[in-house]
Amino acid sequence: MKILVLNCGSSSLKYQVIDMDTRNPISKGLVERIALQGSVLTHGTASRKKEVIKTEIKNHTQAIELVLKQLVAPEYRALKDLDEIYAIGHRVVHGGEKFAKSVIIDASVMKALKECIDLAPLHNPPNIAGIVACQKMMPGISQVAVFDTAFHQTMRPFSYIYGLPYEYYEKYSIRKYGFHGTSHKYVSQRAAVLLKRPLAELKLISCHLGNGSSIAAIRGGRSIDTSMGFTPLDGLMMGTRSGALDPAIVTYIMDKEKFNVDQMNDFLNYKCGALGVSGISSDFRDIELAAEQGNNRAQLALDIFEHDVKQYIGAYAAMMGGVDALIFTAGVGENAPSMREAICKDMGFLGIHLDLEKNKVRGEEVDVSEINSRCPVLVIPTNEELMIALDTLELTR
Ligand code: ADP
């Protein structure tokens with residue numbers, strides 16, 4: 001049984017066809033620069049190397065058309081026929097308070113998705129465009145929406161309500177939503193398997209550290225708090241995003257730099273974070289290299305990031321009354337031993353003792369803590385596409 005997983009961004013589209021018997025992708029790829037000059041599709045199959053196709057792609061419908069064409073192209077042999085696709089799973093960024101789990105897409109879901117556009121103006125419209133394009137091209141095939149926010153809908157009001165007049169929550173839906181939910185859910189489920197313990201009895205702290213980063217406190221398989229908030233700008237300092245700030249800084253900078261709302265939004269999302277502090281790059285590999293070569297601001301960016309992560313680990317351990325395992329995932333979490341080492345330093349009071357030899361691992365599913373460490377430290381490569389496919393299969397079977 002094969003599931004097509006789609007992740008439509010504003011100018012990009014990532015896709016995978018996953019064989020649910022093996023749980024492995026049989027084909028995956030990426031369309032970039034949709035509706036821009038220089039559109040390109042990079043298509044891969046399990047057996048062949050990547051194929052790069054440069055052609056004009058005006059919108060998401062054309063992008064999906066092109067992807068479907070490649071999937072059944074005889075030279076790649078990913079699929080014999082589109083009928084082999086059992087169902088389609090879409091990553092949808094924002095489900096607001098309307099969706100606490102994945103859903104089969106019907107007319108009422110489409111209406112609710114459109115109502116969430118206000119909360120994620122950059123992300124939800126391309127997600128919706130992808131769904132509409134699939135409805136047109138594969139009308140008989142069931143489609144499922146899997147939300148980044150859904151996993152965090154289990155947070156309690158004292159975690160998600162901000163210190164603002166309550167009617168702003170009622171009028172404008174301003175509250176903490178949290179993101180990366182599909183990733184946090186996936187790694188927490190894998191952690192239970194690795195620890196050979198029921199998820200229902202575990203207190204986990206999941207650190208999704210990539211370009212965008214968030215941390216979640218997960219008790220009994222349910223998210224009870226997370227570092228991202230109303231938008232994915234909150235919480236940790238990230239590659240280019242500021243993370244949490246004193247809110248007064250926003251109006252202060254707007255005044256000093258004469259920024260309007262859009263300029264300020266752009267500034268906070270793309271010019272801050274590790275890029276802004278280091279002045280070098282948003283990529284942690286570049287920053288680590290510069291720090292090794294003695295660049296103080298690069299080292300400062302790494303120190304801030306590590307400090308931020310530590311703060312959340314401490315806060316969430318306090319909130320849950322302890323922690324049974326710490327999880328590292330995503331680009332930095334999976335691949336940066338030095339960052340894991342810096343974060344876990346002096347955490348013995350929580351039972352966290354890293355085994356520095358085991359910690360050299362990159363991108364493998366493994367416990368990197370010392371053998372008698374009270375709190376295992378798990379590196380778990382995230383797999384949001386598989387999680388989306390699993391939810392899709394469960395709902396459509
Ligand atoms: P996104 O949030 O875009 O999904 P990823 O989870 O793919 O991001 O993480 C990308 C980041 O992971 C890169 O910016 C890079 O800083 C970091 N990264 C990847 N590999 C390494 C590595 N070997 N060492 C340090 N950082 C790495």
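For the numbers below, each heavy atom of this structure counts, side chains included, while hydrogens, waters and symmetry mates do not. In this text, all values refer to a predicted model and were calculated from it rather than measured experimentally. Both ligands and their constituent atoms are indexed starting at 1 by order of listing.
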Query raised in the report: Looking only at protein heavy atoms, which one is nearest to atom 17 (C) of ligand 1, and how far off is it?
Result: V332 CG2, 3.6 Å
Query raised in the report: Which heavy atom of the protein is the closest neighbour of atom 16 (O) of ligand 1, given with residue, atom name and distance?
Result: F284 N, 2.5 Å
Report task. Heavy-atom distances under 4.0 Å are what count here, so tell me which part of R362 touches ligand 1: side chain, backbone, both or neither. Result -> side chain
Query raised in the report: atom 15 (C) of ligand 1: which protein heavy atom is closest, and how many Å away?
Result: D283 OD1, 3.3 Å
Query raised in the report: Any idea which protein heavy atom is nearest atom 5 (P) of ligand 1, and the distance to it?
Result: G331 N, 3.7 Å
**Report entry** ligand 1 contacted by G239 (non-hydrogen, < 4.0 Å)
**Finding:** no
Report task. Output yes when a side-chain donor or acceptor of Q153 lies under 3.5 Å from a complementary backbone atom of G96, and no otherwise. Result -> yes
Query raised in the report: Are any of the N or O atoms of G212 closer than 3.5 Å to those of ligand 1?
Result: yes
Query raised in the report: Under 6.0 Å between ring centres, would you say that holds for H94 and F179?
Result: yes
Requested in this report: Please write down residue, atom name and distance for the protein heavy atom closest to atom 14 (O) of ligand 1.
Outcome: N211 OD1, 3.2 Å
Requested in this report: Could you list which atoms of ligand 1 come closer than 4.0 Å to a heavy atom of A330?
Outcome: 6 (O)
Report task. Go through the structure and list residues passing side-chain hydrogen bond (donor to acceptor under 3.5 Å, both in side chains) with S281, not counting sequence neighbours. Result -> D286
Requested in this report: May I ask you to check whether H184 and S214 show a side-chain donor-acceptor distance below 3.5 Å?
Outcome: yes
Query raised in the report: In terms of residue, atom name and distance, what is the protein heavy atom nearest to atom 27 (C) of ligand 1?
Result: R285 CG, 3.6 Å
Report task. List the steps and the verdict of side chain to side chain contact (heavy atoms under 4.5 Å, CB included) for V109 and F99. Result -> CA-CA 9 Å; V109 169; F99 300 105; 4.0 Å; yes
Report task. Using the test ring-ring contact (aromatic ring centres under 6.0 Å, His included), find all partners of Y172 that sit at least two apart in sequence or belong to another chain. Result -> Y168
Report task. State whether the number of non-hydrogen atoms from other residues, nucleotides or ligands found under 6.0 Å of N59 atom CG is greater than 12. Result -> yes
